[in-house]
Amino acid sequence: MVHGADGRVATLCLDFDTSKALKGVVDSDATRVGQLLFACGMRFVEDFSPSGGRHVYVPLQDRLDAAEARELVEALALMATSLDPSPHQNITDGCIRVPGSVHKSGGHQTLITPLSEAYDVLRRRNPSRALIELRAALAPELARKRALKAREAKTVTAQRVGGLAALPTGGSESPLRRIARTGLYDTARYKSPSEARMAVLNHFSACGWSLQQIQGELAGQFPGLAALYGSTERQGRLLPYEWAKAQAFTNTAASTQKPLPSKHGEKSALINNTSQTLITGGATKSTRAGVHQLVNDLENVLYGVLDHRLQTRGREGLSLRLLIRGLLGYMRAKETDILDVGCRTLAAALGKHHVTIARLLPILAAASDGILTKIADARQKAADVYLIQLPEQYQQVVRELTWRKGKIHAIRPVFRALGDPAALVYEAIERGRHSPTTAEIVRASGVSRNACSTALAEMETLGMIQRHKGIWRTTSVNLRMLAARLGVLDDYLEQISRNRYERAIWHSYLTRFLETQLEETDLYDPEREEIWIPPDDNYTLWQAA
């Protein structure tokens, strides 16, 4: 039994189960969790079962409440696909098969740790300070788990009062991504691991992934894909060959796809969450260097004038400030001063609802003092068209100010979980002309002192920033990986699924008024929307935008 008569635990029992993932994933998960425990100064005992599963036992000096133990194990399960937290989720019946026990399939649990070392670990158990270090290392997963529980409670409450409409969607994780994560596949659909691998690789190729991105995620998000190869030598030999086949297949499919119907002489400005923007006209007059210089000048106007004006608008001002940053980032990425970006595209990039973006865009155009101007209304599938320019009254201001280091960002993935104030506080540290104090961050970011202190404390806990001699500096933490640990990917895919469903309804409604019959590709988005490619930390907007 995992829990004692008092409901407390003396040992954390981690069960890596082959029913949740392939044996290769189980082994890599156990190794990764073991490295984390070792880095936190924790010693443990390990065994394996005849079925290929692994058990890790972490003895504690001080007995731990069941709720605290469950929270830690569930946080570890977020970073290890094959970890089954159920032994710690049942206080009365939670149990685990210990070393030497008879296995139901035959054989016994076999100890991996040498017997003398295992005896020493169980006799000299892990102190409380090691547990504190483990909680600090699992801070992103703990925050993600608390957010998930709060969301589930809110959903249940809304369903009980009848205020939540059910969304007809199949979930946020696609089947192919689940195969890449766990290595388990439907044998009725794929007869062999080779066919399952090719399905996943075809999918990633259609999503625009590169071979380097695939190789980088084999030990990260998608260990199941690596496990489908069986061995490292086989993976190194077959992956480049199969990736070339996947690219050839997707390129052939793209070349034979029917074009979207359009009237003679018209340009298509169809925008969805992942398609590239087709400029409606006029942007070709600007050079690439000229657009980048214009963005640099507009950043100076934003930091010197516009930010201070928008600060007086309270919570709405926070959203407006981040929206203008998103438009400037999109302008730099697309190298054009004319943007016809849909509200759902901006909503996916900023982590907000598309109705909020539709409400904020006219307000921002009116408050921008001529920087943002609407030049064309939305029509059918085409979005509103906006011109971004430097007004005459700011010409002298930008000549007197020097450009700032780095690139401007809207909401980078990690701040979908941390919130708008944290994004502005981090920007004040990252793009400041020198390492600022807390008081300087409050003045530069325009965030209240309490909100600023809360954001600083949370980001320091996550290892994003550190304080040294009263000043704040950013660390070398990978924001993309931190966003994945905080569960941002799941939120984004859920938003994409909702947007796809709503767009399908709108496109179906448009068919009543169009002269030409819409094709199936008009009604539904390409399969590449199923997977989100996490961007690099120095990228201005999400690849999905």
Side-chain angles (χ1 to χ4, degrees), residues 14-36 48-49 51-56 74-86 141 144 170-243 245-246 480-481 483-485 487-490 492-493 527-528 530-534:
L14 309 180
D15 181 12
F16 299 91
D17 199 341
T18 51
S19 65
K20 288 184 169 293
L22 292 181
K23 185 180 182 302
V25 180
V26 168
D27 294 338
S28 63
D29 284 347
T31 301
R32 185 166 62 253
V33 171
Q35 292 173 347
L36 173 65
F48 70 91
S49 67
S51 64
R54 302 274 283 272
H55 291 168
V56 173
E74 288 179 344
L76 286 168
L78 291 177
M79 63 175 294
T81 301
S82 61
L83 178 56
D84 182 9
S86 59
E141 285 75 17
R144 177 183 175 184
S172 61
E173 186 178 42
S174 69
L176 290 174
R177 182 174 180 270
R178 190 178 301 112
I179 295 174
R181 185 171 56 85
T182 65
L184 303 178
Y185 58 90
D186 184 4
T187 55
R189 185 170 186 178
Y190 307 109
K191 297 181 180 180
S192 66
S194 176
E195 292 185 9
R197 290 197 310 264
M198 286 306 304
V200 173
L201 292 177
N202 288 339
H203 190 55
F204 286 164
S205 178
C207 294
W209 285 62
S210 65
L211 179 59
Q212 290 73 23
Q213 288 175 317
I214 295 290
Q215 293 171 335
E217 295 296 344
L218 289 179
Q221 294 186 69
F222 307 123
L225 179 58
L228 287 173
Y229 283 98
S231 66
T232 305
E233 183 274 334
R234 183 178 174 85
Q235 172 190 315
R237 177 168 53 86
L238 292 180
L239 179 58
Y241 170 72
E242 292 182 344
W243 179 250
K245 289 179 61 178
R480 180 182 63 83
M481 295 301 298
R485 294 178 63 185
V488 173
L489 175 59
D490 297 332
Y492 180 79
L493 290 177
E527 188 182 7
R528 60 194 177 98
E530 298 281 345
I531 289 289
W532 169 57
I533 306 174

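For reference, positions follow the sequence shown, starting with 1.
Take Arg234 and apply the side chain to side chain donor-acceptor pair (under 3.5 Å) test, not counting sequence neighbours, and it matches no residue. Residues forming a side chain to side chain contact (heavy atoms under 4.5 Å, CB included) with Gln235 (at least two apart in sequence, or on another chain): Leu218, Ala226, Tyr229. For Thr182, the side chain to side chain contact (heavy atoms under 4.5 Å, CB included) test picks out Ala21, Thr81, Arg178, Leu184, with sequence neighbours left out. By the side chain to side chain contact (heavy atoms under 4.5 Å, CB included) test, Thr31 is found to be paired with Gln35, residues two or more places apart in sequence or in another chain being considered. For Gln212, the side chain to side chain contact (heavy atoms under 4.5 Å, CB included) partners two or more places apart in sequence, or in a different chain, are Ser210.
The minimum heavy-atom distance linking Arg144 with Arg485 is given by the pair CD-O, 3.2 Å. The heavy-atom pair separating Asp29 from Ser82 by the smallest distance is OD2-OG, 2.8 Å. For the residue pair Ala80 and Val33, the shortest heavy atom distance occurs at CB-CG2, 4.1 Å. Nearest approach of Ile179 to Tyr185, heavy atoms of both residues: CD1-CB, 3.9 Å. Between Leu83 and Lys20, the shortest heavy-atom distance links the atoms O-CD, 4.0 Å. When all heavy atoms of Leu228 and Ala196 are compared, the closest pair comes out as CD1-CB, 4.3 Å.
Annotation: salt bridge (Lys or Arg N to Asp or Glu O under 4.0 Å) contacts involving residues 193-202, sequence neighbours excluded, comprise Arg197-Glu242.
When only modelled atom types and interatomic distance are considered, Ser49 and Ser51 share a side-chain donor-acceptor pair under 3.5 Å.
Note: Phe204 and Trp209 have parallel aromatic rings, judged against thresholds of 30 and 60 degrees for the angle between ring planes.
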